[in-house]
Amino acid sequence: MGIGASIFLIALGAIFAFAVDANLGWLNLNVVGWVLMLAGVAGLLTTLYFWNSRRRVVAAPVRERIVAEPVAPVREDRVVREEYREVRGPGSGYPA
C-alpha cells in the first residue's frame, strides 16, 4: 500500500467516524471509520519503514580498500636500506 492509499484510508475513516451520523441497524459506521483509520496508519507506517530501509541500502557509501603487497620479503634480522618498485600503468604494454 502506498502513501496515497494510506492517507485516503485515514481520511475516509475519519469521515465515517466523525462526520457521518447515519443509523444502520446492522453496521456501525463509527467502528468502520476507526478500523479504516487504523488500517491507513498501519499501511503508512509499513510503507515508510520499507522506503527508509530501501534508501539506507542505496545511500550507503562505497568504500574501497587498497591492499598493498610487500615488495620484498620481510626479514627481521637485517634492515632493508634500498627499495625497488616497478610500477606498471595502463597502456604500458605489460599485463597488470
Side-chain angles (χ1 to χ4, degrees):
M1 181 183 315
I3 293 176
S6 299
I7 292 174
F8 176 75
L9 283 180
I10 293 170
L12 187 65
I15 290 170
F16 281 154
F18 304 121
V20 175
D21 190 25
N23 188 8
L24 300 175
W26 55 276
L27 183 65
N28 189 351
L29 288 181
N30 289 335
V31 174
V32 171
W34 281 103
V35 168
L36 287 176
M37 283 193 292
L38 288 176
V41 168
L44 184 65
L45 292 176
T46 305
T47 302
L48 291 177
Y49 172 75
F50 283 117
W51 272 26
N52 191 21
S53 65
R54 181 175 57 181
R55 286 188 182 150
R56 190 177 325 129
V57 172
V58 172
V62 176
R63 297 182 184 178
E64 293 182 6
R65 184 174 157 195
I66 299 173
V67 178
E69 296 180 8
V71 176
V74 178
R75 294 178 58 185
E76 295 184 20
D77 58 341
R78 72 179 183 105
V79 177
V80 177
R81 298 188 189 276
E82 198 173 317
E83 184 177 302
Y84 173 76
R85 289 188 183 181
E86 184 177 334
V87 179
R88 296 179 183 168
S92 63
Y94 297 105

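What's counted below: heavy atoms across the whole structure, side chains too, no hydrogens, waters or symmetry copies.
- Cluster partners of F18, by chain and number: W34, M37. The rule joins Ile, Leu, Val, Met, Phe, Trp and Tyr whenever side-chain heavy atoms lie under 4.5 Å apart.
- Every residue meeting the side chain to side chain contact (heavy atoms under 4.5 Å, CB included) condition with N28, not counting sequence neighbours, appears here in chain and number order: N30, V31.
- Cluster membership check: F16 shares its hydrophobic cluster with L24, using side-chain heavy-atom separations under 4.5 Å among Ile, Leu, Val, Met, Phe, Trp and Tyr.
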Show me, pair by pair, the donor-acceptor contacts under 3.5 angstrom made by side chains of residues 39-46, not counting sequence neighbours?
residue : atom : partner : partner atom : Å
T46     : OG1  : A42     : O            : 2.8

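- The distance from atom CG of L12 to atom CD1 of I7, rounded to the nearest 0.5 Å, is 13.5 Å.
- Distance check, rounded to the nearest 0.5 Å: CG of L29 to CD1 of I15 gives 12.0 Å.
- A continuous path of ILVMFWY side-chain contacts below 4.5 Å connects L36 to W26, so both sit in one hydrophobic cluster.
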